[in-house]
Amino acid sequence: MKFFVDTADTADIRELAATGLLDGVTTNPSLIHKSGRAFLEVVEEICGIVDGPVSAEVVALDHDTMMKEAEILRKIADNVAVKVPLTIDGLKTCKKLTDDGTMVNVTLCFSANQALLAAKAGATFISPFVGRHDDVGLDGMGLISDIRLIYDNYDFATEILVASVRHPIHVLESAKIGADVMTAPPAVIRQLFKHPLTDKGIEGFLADWAKSGQTIG
Ligand code: G3P
């Protein structure tokens, strides 16, 4: 499973990229606002930090203006994935861009039928929002299972990118279902490394090692 980080904070991206475990980055207009930085400039910097896909979202709602914005975004770097909303105009834009060889991430997906449409439009990634789905009392992970089943039934190449991940259980369930990618905030990715028994074990081993009086090398 690929790991993307959902942030426009370049300090966090650099730190996670240094682990060698980061496969890409997703941003959205809210994350760009949170960064306090100019959109095109921050996307360009992120594209220089990671080799994998970097999602940058259009903000227009009509196809023609989406295409104009996408033109600007895809020129930033080869690893830009243009992010479009799951609307008729968004999918029309997706079809046109992917036919042309540009990666597209279709975002704000909340139903398996929407995911089916995105796959038919040739989306590179579909982003179902599990956290926001859970927030309204629905089953976010059930949505991922349904999309996995449908994509496998028809051999769609569109990658399932689990978005709006809020905690490590979302990551675990995504991996069990066989999602292709998950994108999570930096804090959730850091949580994945942690286990209290790992910390306790290190503490015990180091205490005994100190008592042994030995060194390595
Ligand atoms: O980038 C899209 C998605 O991951 C947003 O997550 O936490 O704002 O629902 P969240």
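Numbering of ligands and ligand atoms starts at 1, following listing order. Remember, predicted model here, so these are calculated numbers, not experimental data.
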Show your reasoning for whether side chain to side chain contact (heavy atoms under 4.5 Å, CB included) applies to Ile76 and Leu40. CA-CA 8 Å; Ile76 295 175; Leu40 303 185; 3.9 Å; yes
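- For ligand 1, one of its N or O atoms has an N or O atom of Arg132 under 3.5 Å away.
- Remark: ligand 1 atoms within the under-4.0 Å shell around heavy atoms of Ala163 are 4 (O).
- No N or O atom of Thr107 sits closer than 3.5 Å to an N or O atom of ligand 1.
- Note on ring orientation: taking the six-membered ring where Trp is involved, the planes of His170 and His167 are parallel (angle under 30°, cut-offs 30° and 60°).
- Scanning the protein heavy atoms around atom 7 (O) of ligand 1, the nearest turns out to be Arg166 NE, 3.3 Å.
- Using a 4.5 Å cut-off on side-chain heavy atoms (C-beta onward), Lys83 and Asn28 make contact.
- Using the six-membered ring where Trp is involved, His133 and Phe110 have ring planes that are parallel, under 30° apart on the 30 and 60° scheme.
- Between Asp6 and ligand 1, at least one N/O pair is under 3.5 Å apart.
- Taking 4.0 Å as the cut-off, Thr26 does not count as a neighbour of ligand 1 on heavy-atom distance.
- Here the protein heavy atom with the shortest distance to atom 6 (O) of ligand 1 is Ser164 CA, 3.3 Å.
- Side chains of Thr26 and Ser55: a donor-acceptor N/O pair is absent below 3.5 angstrom, by distance only.
- A chain of hydrophobic side-chain contacts below 4.5 Å, direct or via other Ile, Leu, Val, Met, Phe, Trp or Tyr residues, connects Ile144 to Leu192.
- Atoms of ligand 1 lying under 4.0 Å from any heavy atom of Phe129, numbered from 1 in the order shown and given with element: 2 (C), 3 (C), 5 (C).
- For Lys83, a nitrogen or oxygen atom sits less than 3.5 Å from a nitrogen or oxygen atom of ligand 1, counting backbone and side chain alike.
- Salt-bridge annotation for Asp208 and Lys211: present, with a side-chain N of the basic residue lying under 4.0 Å from a carboxylate O of the acidic one.
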